[in-house]
There are 2 protein chains.
Amino acid sequence: MSRNVSASTVRRLSHYLRILEQFERAGSVTLSSEDLAEAADTTAAQVRKDLSQFGSFGKRGFGYPVPGLKRHVQQILGLEHAWRIVLVGAGRIGAALFEYANFRRRGFSIVAVLDADPEKIGTQWGDVTIEPVDTLADVIAREQAEMLILSVPNEAAQPVADQAITAGIHGILNFAPVQLRVPDGVFVQDVNMVMELEALSFDLSRSASKRP
Amino acid sequence: MSRNVSASTVRRLSHYLRILEQFERAGSVTLSSEDLAEAADTTAAQVRKDLSQFGSFGKRGFGYPVPGLKRHVQQILGLEHAWRIVLVGAGRIGAALFEYANFRRRGFSIVAVLDADPEKIGTQWGDVTIEPVDTLADVIAREQAEMLILSVPNEAAQPVADQAITAGIHGILNFAPVQLRVPDGVFVQDVNMVMELEALSFDLSRSASKRP
DNA sequence: AGGTGTGAACACTTTCACAGCA
DNA sequence: TGCTGTGAAAGTGTTCACACCT
């Protein structure tokens with residue numbers, strides 16, 4: 001049970017969890033590292049290495065119990081309780097994220113929405129009302145929020161992040177294509193769709209030049 | 001000028017490009033690997049290693065010319081021409097992506113939008129009209145599209161991808177949380193926001209248990 | 001002098017191969 | 001017998017340190 005877990009391992013655990021749920025729905029009671037590997041597009045050795053960092057969940061000769069392993073992975077990822085999230089930026093992307101059913105379904109609840117545009121303040125979105133961004137600290141305290149989703153214009157990203165961190169937020173999902181500066185103990189995940197398209201552009205350009 | 005370029009290098013190149021544009025706007029003529037590294041939150045050695053894989057763009061003692069390096073990075077990433085993209089799935093996420101100004105601004109044009117819902121067919125979005133998903137092959141041919149953005153329900157992701165690949169698509173930006181199976185020469189970038197939140201959940205859980 | 005380009009050292013990740021347990 | 005758990009080997013990516021050029 002090691003100290004440092006790599007980002008790739010965490011990504012794969014998340015992937016394993018989705019696959020375990022599929023196997024569970026399909027009625028499987030047990031599965032092997034080989035089964036998991038095939039579904040996750042990796043190798044059996046990789047699956048076993050990943051899991052063995054956190055404990056010994058399988059039985060030699062048998063494989064892993066589906067419901068038991070699922071619970072363990074959830075516990076490893078910290079998914080035993082629902083996370084309370086504040087969303088800042090009620091633009092097009094913010095709206096799509098708010099409606100995104102997979103979040104709530106998987107234990108991520110958006111409990112408040114804030115925006116800088118006075119026109120939007122007071123608008124009702126489902127069961128939340130859009131509040132002014134300058135009440136961020138109060139809202140975080142009131143809702144006991146632990147994470148922040150940032151879908152604001154680039155210039156606003158760092159100042160809003162700073163306020164949220166001061167108010168006690170430790171995790172940020174950042175959609176602004178800027179490099180946020182945060183203190184130790186605060187975690188940022190960037191979602192940068194232009195970067196993804198540029199990676200595709202790179203791959204396509206190279207493969208096109210290799211094959212006439 | 002090497003054969004295999006790592007995914008991390010490509011991500012960083014994309015990041016460097018954004019920083020070069022900032023320096024250009026600020027009027028800088030030249031910058032050092034140190035400058036780039038600081039802005040990109042990496043090391044000067046990393047920057048030089050990344051760039052040197054593709055050529056020798058700097059002058060010893062001077063640094064790199066901002067406009068020249070920018071052009072080189074664009075060329076490396078295959079960004080000299082605008083990419084033509086078909087978007088399938090006109091739901092909430094599809095709408096947000098269609099409106100996302102950074103795509104067009106950076107040379108990624110969404111030239112057609114398709115959906116399975118008969119209610120949506122014929123709806124005008126900006127300068128495109130939503131077309132039925134079963135005309136995908138025709139639309140790809142007509143528009144000479146090279147990439148696909150997939151924002152469809154999970155069950156539809158693989159079948160739509162298959163049709164697009166048959167019609168000549170080689171790059172897919174996939175928002176469905178499923179593992180797409182694609183042949184060699186086809187590239188997929190996954191955007192999985194639940195996975196990002198689960199990574200934050202993992203980090204927060206561990207850091208919380210380490211500090212009372 | 002000053003900063004690039006790069007081989008060599010180091011660190012980290014993945015794969016291999018097999019001992020050991022159900 | 002069958003499949004896990006894991007050291008050891010191989011492979012990749014990052015950092016160091018310095019020769020070299022402007």
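These numbers were taken from a predicted model, which means no experiment stands behind them. A note on names: the letters A, B, ... follow the listed sequences, proteins ahead of strands, and every chain is numbered from 1.
Chain A approaches DNA chain D over the interval dG2(D) to dA8(D), counting the first and last nucleotide 5' to 3' with an atom under 4.0 Å from its heavy atoms.
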Show every donor-acceptor pair shorter than 3.5 Å between a side-chain atom in residues 188-195 of chain A and any protein atom, with sequence neighbours excluded, or say none if there are none.
unit_1: Asp190(A); atom_1: OD1; unit_2: Asn174(A); atom_2: ND2; d: 2.7
unit_1: Asn192(A); atom_1: OD1; unit_2: Val194(A); atom_2: N; d: 3.2
unit_1: Asn192(A); atom_1: OD1; unit_2: Met195(A); atom_2: N; d: 3.1

Output a table of donor-acceptor pairs, distance under 3.5 Å, between side-chain atoms of residues 90-103 of chain A and any protein atom two or more places apart or on a different chain; print 'none' if there are none.
unit_1: Tyr100(A); atom_1: OH; unit_2: Asn102(A); atom_2: ND2; d: 3.0
unit_1: Asn102(A); atom_1: OD1; unit_2: Arg105(A); atom_2: NH1; d: 2.5

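Rounded to an integer number of Å, the gap from OH of Tyr64(A) to P of dC21(C) is 16 Å. Atom pair Leu69(B):CG and dG5(C):C1' shows a separation of 14 Å (rounding to whole Å applied). When rounded to the nearest whole Å, the span between CG of Leu51(A) and P of dT14(C) equals 14 Å.
Identified under the salt bridge (charged side-chain N to carboxylate O under 4.0 Å, His left out) test for residues 35-60 of chain A, with sequence neighbours left out: Arg12(A)-Asp50(A).
Electrostatic pairing of Glu143(A) and Arg84(A) counts as a salt bridge here, judged by a charged N lying under 4.0 Å from a carboxylate O. Salt-bridge formation is detected for the pair Arg11(B)/Glu196(A): a Lys NZ or Arg NE/NH1/NH2 atom is positioned less than 4.0 Å from an Asp or Glu carboxylate oxygen. The residues Lys70(A) and Glu24(A) are annotated as salt-bridged, a charged nitrogen and a carboxylate oxygen being separated by less than 4.0 angstrom.
Remark: the backbone N or O of Val5(A) is not paired with any side-chain donor or acceptor of Thr9(A) at under 3.5 angstrom. His170(B) places a side-chain N or O within 3.5 Å of a backbone atom of Gly185(B) that can act as its donor or acceptor partner.
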Might you work through the side chain to side chain donor-acceptor pair (under 3.5 Å) test for Ser201(A) and Trp83(B), ending with a clear yes or no? CA-CA 8 Å; Ser201(A) 168; Trp83(B) 292 91; 2.9 Å; yes

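Of the residues in residues 11-25 of chain B, none has a non-hydrogen atom less than 4.0 angstrom from any atom of DNA chain C. Within residues 29-39 of chain B, no residue has any heavy atom closer than 4.0 Å to DNA chain D.
Each of Arg48(B) and Phe62(A) was matched to the nucleotide of DNA chain C holding its nearest heavy atom; the match closer to the 5' end belongs to Arg48(B).
Checking dG5(C), dA22(C), dT14(C) against the side-chain heavy atoms of Ser8(A) singles out dT14(C) as nearest. The side chain of Arg60(B) approaches dG5(C) more closely than any other nucleotide in the set dC18(C), dT14(C), dG5(C). For Ser52(B), taking side-chain heavy atoms from C-beta onward, the closest of the listed nucleotides dT6(C), dC18(C), dT15(C) is dT6(C).
With contacts defined as side-chain heavy-atom distances shorter than 4.5 Å, the pair Phe54(A)/Gln75(A) does not qualify. Side-chain contact between Leu77(A) and Ser205(B) is absent, with no heavy atoms from C-beta onward closer than 4.5 Å.
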